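Reading through the structure tokens given below for one structure.
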Amino acid sequence: MSLAGKRVAITGAFGSLGTAVVQAALAAGAKVAAIDRADAARDPASLGAAHAIGGVDLADTAQAKAAIDQAAQALGGLDALVNIAGTFRFETLADGSPDTWDFLYRVNLRTAVAASKAALAHLPDGGRIVNIGAASALKAGAGVGAYTASKSGVMRFTESLAEELKPRGITVNAVLPSIIDTAPNRKDMPKADFAKWVKPAQLADVIVFLLSDQSAPVTGALIPVVGRV
Ligand SMILES: NC(=O)c1ccc[n+]([C@@H]2O[C@H](COP(=O)([O-])OP(=O)(O)OC[C@H]3O[C@@H](n4cnc5c(N)ncnc54)[C@H](OP(=O)(O)O)[C@@H]3O)[C@@H](O)[C@H]2O)c1
């Protein structure tokens, strides 16, 4: 799948999935801007030739706009945005706080909304937006109410923006991972069967497809990418 000539901004790009998507997009021939809240990637070499933009809170609309504008300037324009910035909390209502609902809404949904709004000023007709939902948000379990509500928001945002942008041929899709095979997940669940978890590189390949010309007829799709979980 080729992304030759495509200019792609990726948020949450210094994290586990973000780094894999940066690498896959570069390997497919894209020019990449890697945006994150951390000041710098833990391993800058992992971002290859990507233009790194650190220290950005994407939930802040002014910071999101400045970062996306900087990405577009560095890449000579912008064809696509991948909204990966996000996080997870496990917390029951009895032991938790309503503040966690605000926090996860801000980190998981508001970041994608603010970055997408900023990107709209740059994306050409036929552009691409890819979001990260969660398979667990299809039916919540105990302790994940705040997380799945925020990711349900990402999924409804994906559907709504896909409809809004159909006239321009800009596609908006989301992948819904289950448990990704990351170092933090292995540490948190040492007895799990890691072989069943989807690898970051596998998810990245699906995202590269959604960024490619070949995915043009696909929009508003919420695609479970769950490995064997
Ligand atoms: N890991 C899983 O099993 C799993 C499963 C389903 C869905 N997901 C989703 O997949 C995405 C990536 O997960 P991951 O495991 O790669 O997480 P990760 O390693 O923690 O990477 C997420 C990155 O997003 C950054 N970020 C967080 N808030 C931000 C903000 N306000 N502005 C800018 N950057 C921000 C984080 O920076 P800081 O480190 O500074 O916070 C981090 O570098 C997330 O949306 C997550 O919810 C993950």
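Numbering of ligands and ligand atoms starts at 1, following listing order. Because the structure is a prediction, the values reported are computed rather than measured.
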| request: For residues Thr19 and Ser46, determine if any side-chain heavy atom of one lies less than 4.5 Å from a side-chain heavy atom of the other. | output: yes
| field | Side-chain heavy atoms of Thr11 within contact of Val82, under 4.5 Å | value | no
| request: Please go through Leu93's hydrophobic cluster and name the other residues, only I, L, V, M, F, W, Y counting, with side-chain heavy atoms under 4.5 Å joining them. | output: none
| query | Other than Leu165, which residues form its hydrophobic cluster under the rule that side-chain heavy atoms must be closer than 4.5 Å? | reply | Ile35, Ile53, Val56, Leu58, Ile68, Leu75, Leu78, Leu81, Tyr105, Leu109, Val113, Leu120, Leu123, Ile129, Val154, Phe157, Leu161, Ile170, Val172
Is there any protein N/O under 3.5 Å from an N/O of ligand 1, and what does the full list of such pairs look like?
unit_1	atom_1	unit_2	atom_2	d
ligand 1	3 (O)	Ile180	N	2.9
ligand 1	3 (O)	Asn185	ND2	2.8
ligand 1	16 (O)	Ser16	N	3.3
ligand 1	16 (O)	Leu17	N	2.8
ligand 1	19 (O)	Ser16	N	2.9
ligand 1	19 (O)	Ser16	OG	3.4
ligand 1	28 (N)	Arg37	NH2	3.4
ligand 1	31 (N)	Asp57	OD1	2.9
ligand 1	32 (N)	Val56	O	3.2
ligand 1	32 (N)	Leu58	N	3.0
ligand 1	34 (N)	Arg37	N	3.2
ligand 1	37 (O)	Asp36	OD1	3.1
ligand 1	40 (O)	Arg37	NE	3.4
ligand 1	41 (O)	Arg37	NH2	2.5
ligand 1	43 (O)	Asp36	OD1	3.0
ligand 1	43 (O)	Asp36	OD2	2.7
ligand 1	45 (O)	Ile84	O	2.9
ligand 1	45 (O)	Lys151	NZ	3.0
ligand 1	47 (O)	Lys151	NZ	3.1

| remark: Residue pairs meeting salt bridge (charged side-chain N to carboxylate O under 4.0 Å, His left out), one or both in residues 56-84, sequence neighbours left out, come to Arg7-Asp79, Asp57-Arg106, Lys65-Asp69
| request: Would you mind checking if Asp181 and Lys196 are paired as a salt bridge, meaning a charged N to carboxylate O distance below 4.0 Å? | output: no
